Amino acid sequence: MARQPIDFSGRTLWLSGANGVISRAIARAFFDLGANCVLTDLNDNSLADFAETLDPGGKRIISMAQDVTRSGDTDAVIDAITQRFGHLDFVVTSAGLYRDQMIDGMTDEQWHQGVGVNLDGVFYCCRAAIPLLAKGGAIVNVASMSGHKGSYMHAPYAAAKGAVLAFTRTLALELAPDVRVNAVSPGLIDTPLVKPLLDRSGPALIASTPLKRLGQPEEVADAVAFLCSDWASFITAETLHINGGIYIAS
């Protein structure tokens, strides 16, 4: 029996933090595979411009503003999904905040903002989506290599991403068997986010990566699409590492 290609036609994705480089690659991948896409981010204007490049007629895409640190913002997203598409199949939480700051000089506000975006936002989106998620649906939370090994000068980010991994496993247990929940942990991906790090120690980092290069946003997007697809139908509560081998976990 021939294996069917991945086809998301008629299925609906909610992608938070959709205006980032990796997030845009995820949106393109799902749209190209036929999905309806609900794209949310703080900056609705530039997100709307991006959405129009994918779907000029707006038949399969909604873009709207969402502050993931505000739980009430999820209500408007769920209402829009319900009214426009009537169902939700996939949730990908991709909003992130990654700022340099040593712990000894970190303010309460900096800590809470980092945890708010990188952890609270994942909880708010997933909680809001549960009643609308179709049987056979999937959630993928975008974590990070930092959540496994820490990250110098990025304590809120690393701490929150580590918590996202535990939250993902717990949510997978609670939503089984109807909805699968997994995470991806990207490593060094070619985005503006890692440019300061590469400026400081790029050659050494590339040399220590077995595949000897940076990852591409599309490679993360492909992994997310795989985890949402029927090709991953027996995978839940797992984390897929996308890092070229620079960090090896079992």
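Bear in mind the structure is a predicted one, so any value in this text is a computation, not a measurement.
The shortest non-hydrogen separation linking Ala27 to Phe50 is CB-CE2, 3.9 Å. Residues Ser144 and His148 approach most closely at O-CD2, 3.3 Å, considering heavy atoms. Minimum interatomic distance between Ile242 and Ala223 (heavy atoms only, all atoms of both residues): CD1-CB, 3.5 Å. Residues Asn243 and Gly245 share a closest heavy-atom pair of OD1-N, 2.7 Å. Gly244 approaches Pro210 most closely through the heavy-atom pair O-CD, 3.3 Å. Of all heavy-atom pairs between Ala25 and Glu218, the closest is CB-N, 4.1 Å.
In terms of modelled atom types and a separation under 3.5 Å, the side chain of His87 and the main chain of Gly10 share a donor-acceptor contact. Put simply, the side chain of Ser23 never gets that close to the backbone of Asn19: no donor and acceptor are under 3.5 Å apart. With Asn118 contributing its side chain and Leu97 its backbone, the two residues share a donor-acceptor pair below 3.5 Å. A distance-only check finds a donor-acceptor pair linking the side chain of Trp231 to the backbone of Gln4 [under 3.5 Å]. A donor-acceptor pair under 3.5 Å links the side-chain atoms of Asn182 to the main chain of Ala237, judged by distance alone. Without hydrogens or angle criteria, Arg60 side chain to Ala35 main chain gives a donor-acceptor distance under 3.5 Å.
Note: Tyr98 and Tyr157 have perpendicular aromatic rings, judged against thresholds of 30 and 60 degrees for the angle between ring planes.
Geometrically, Arg11 does not engage Phe90 in a cation-pi contact defined by less than 6.0 Å to the ring centre and at most 45° from the axis.
In this structure the side chain of Leu240 never reaches within 4.5 angstrom of the side chain of Val140, judged on heavy atoms. With contacts defined as side-chain heavy-atom distances shorter than 4.5 Å, the pair Leu13/Val92 qualifies. Side-chain contact check for Val117 versus Val68: some heavy-atom pair is nearer than 4.5 Å. Put simply, the side chain of Val142 does not reach to within 4.5 Å of the side chain of Ile22, judged on heavy atoms. Using a 4.5 Å cut-off on side-chain heavy atoms (C-beta onward), Ile139 and Leu175 make contact. Counting heavy atoms from C-beta on, the side chains of Ile62 and Phe85 come closer than 4.5 Å. With contacts defined as side-chain heavy-atom distances shorter than 4.5 Å, the pair Phe123/Ser71 does not qualify. Side-chain contact between Leu197 and Arg200 is present, with at least one heavy-atom pair separated by less than 4.5 Å.
Thr170 OG1 to Glu174 CD: the interatomic distance, rounded to the nearest 0.5 Å, is 7.0 Å. Here the OG1 atom belonging to Thr239 is positioned 4.5 Å from the CG atom belonging to Leu165, to the nearest 0.5 angstrom. Atom CZ of Arg127 sits about 12.0 Å away from atom CG of Leu171, to the nearest 0.5 Å. Taken from CG in Leu214 to CD1 in Ile189, the straight-line distance is 8.0 Å, to the nearest 0.5 Å.
Residues forming a ring-ring contact (aromatic ring centres under 6.0 Å, His included) with Phe226 (at least two apart in sequence, or on another chain): none. Residues satisfying the ring-ring contact (aromatic ring centres under 6.0 Å, His included) criterion with Phe167, sequence neighbours excluded, are absent altogether.
The environment of CZ in Arg99 is sparse: at most 12 heavy-atom neighbours from other residues, nucleotides or ligands sit within 6.0 Å. More than 12 heavy-atom neighbours from other residues, nucleotides or ligands sit within 6.0 angstrom of NZ on Lys212. Heavy-atom contacts from other residues, nucleotides or ligands closer than 6.0 Å to CG of Asp108 number 12 or fewer. The number of heavy-atom neighbours closer than 6.0 Å to CG of Leu211, taken from other residues, nucleotides and ligands shown, is above 12. Annotation: Arg70, atom CZ; neighbour count of heavy atoms from other residues, nucleotides and ligands within 6.0 Å does not exceed 12.
For residues 27-42, the side chain to side chain donor-acceptor pair (under 3.5 Å) pairs, not counting sequence neighbours, are Thr12-Asn36, Trp14-Thr40, Thr40-Gln66.
Ile61 and Ile78 are members of different hydrophobic clusters when ILVMFWY side chains are connected at heavy-atom separations under 4.5 Å. Hydrophobic clustering (side-chain heavy atoms under 4.5 Å, transitive across Ile, Leu, Val, Met, Phe, Trp, Tyr) keeps Phe30 apart from Val21. Residues Val181 and Val224 fall into different hydrophobic clusters, defined by Ile, Leu, Val, Met, Phe, Trp and Tyr side chains chained together at heavy-atom separations under 4.5 Å.
No side-chain donor from either of Ser146 and His154 sits under 3.5 Å from a side-chain acceptor of the other. Judged purely by distance below 3.5 Å, without hydrogens or angles, the side chains of Asn141 and Thr93 pair a donor atom with an acceptor atom.
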